[in-house]
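Scroll down for the structure; my scribbles are underneath it.
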Amino acid sequence: MYLAPGEREENRGNNQPTNLRLIRLAEVYLNYAEACYFSGDIANAQKYLNEVRSHVNLAPKNNTGDKLFEDIMNERHLELGLEGFRFFDVVRVGWGEKIFDGTKKVEFGASTPFKAGAEVLPIPQNEIDISDGLIKN
């Protein structure tokens with residue numbers, strides 16, 4: 001919804017009424033497939049992974065175990081490409097050193113390989129200030 005600047009409420013950053021967050025159904029299915037995998041519900045993990053694949057006429061995958069998890073993460077990579085999720089998905093599951101190995105990082109101008117802990121982002125200073133010393137970077 002577009003509102004002319006004079007019609008907008010005060011700017012409250014990302015919580016403005018015109019900033020509508022939408023989530024794609026494919027992302028919901030893949031999130032659910034991952035949750036099912038970790039809760040041991042392999043049938044539903046496969047079902048929702050294949051639901052996403054079927055919308056683009058890809059053959060279903062029926063793997064189990066670690067291969068199923070890799071299939072879910074790979075499908076997230078393919079389905080959500082260029083949407084800014086890949087880095088956070090990779091470090092969330094602990095694959096940073098595997099995916100962003102030294103050769104990949106050097107291609108982007110870095111001189112050292114990715115190491116565990118490199119994915120940790122600093123806490124914003126204003127959050128540290130209002131925590132009364134409970135949070136430290």
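In the hydrophobic cluster analysis, where Ile, Leu, Val, Met, Phe, Trp and Tyr join through side-chain heavy atoms closer than 4.5 angstrom, V93 is grouped together with L49. In the hydrophobic clustering of this structure, L25 groups with V52; members are Ile, Leu, Val, Met, Phe, Trp, Tyr whose side-chain heavy atoms approach within less than 4.5 Å, directly or through other members. In this structure, L68 is not a member of the same hydrophobic cluster as L78, with clusters built from ILVMFWY side-chain heavy atoms closer than 4.5 Å. There is no path of hydrophobic side-chain contacts, each under 4.5 Å, that joins V90 to F85. Cluster annotation: Y32 and L80 are assigned to distinct hydrophobic clusters (Ile/Leu/Val/Met/Phe/Trp/Tyr, side-chain heavy-atom contacts under 4.5 Å, transitive).
Within the 4.5 Å cutoff, no side-chain heavy atoms of N74 are placed close to those of F69. Contact check for N50 versus N62: side-chain heavy atoms found under the 4.5 Å cut-off. R86 has its side chain out of reach of R76: every pair of non-hydrogen atoms, C-beta onward, lies at least 4.5 Å apart. Between K61 and Q46 there is no side-chain heavy-atom pair separated by less than 4.5 Å. In this structure, M73 and W95 have side chains that are in contact, with non-hydrogen atoms separated by less than 4.5 Å. Under the 4.5 Å side-chain criterion, counting only non-hydrogen atoms from C-beta, L30 is not in contact with Y48.
Residue D66 qualifies as open at atom CG: its count of foreign heavy atoms under 6.0 Å is 12 or below.
Interatomic distance, CD1 of I42 versus OG1 of T64, reported as 7.0 Å (0.5 Å rounding). Separation of atoms NZ (K47) and OH (Y29) is listed at 8.0 Å; rounding is to 0.5 Å.
Side-chain contact, D129 with Q125: a donor N or O sits under 3.5 Å from an acceptor N or O.
A salt bridge links R92 with D89; the closest basic N to acidic carboxylate O contact falls under 4.0 Å. Taking the charged nitrogens against the carboxylate oxygens, R24 and E83 do have a contact shorter than 4.0 Å, which makes a salt bridge.
Minimum heavy-atom separation, A45 to I72: CB-CD1, 4.4 Å.
Although no hydrogens or angles enter the test, the distance criterion places a donor-acceptor pair under 3.5 Å between the side chain of R53 and the main chain of A59.
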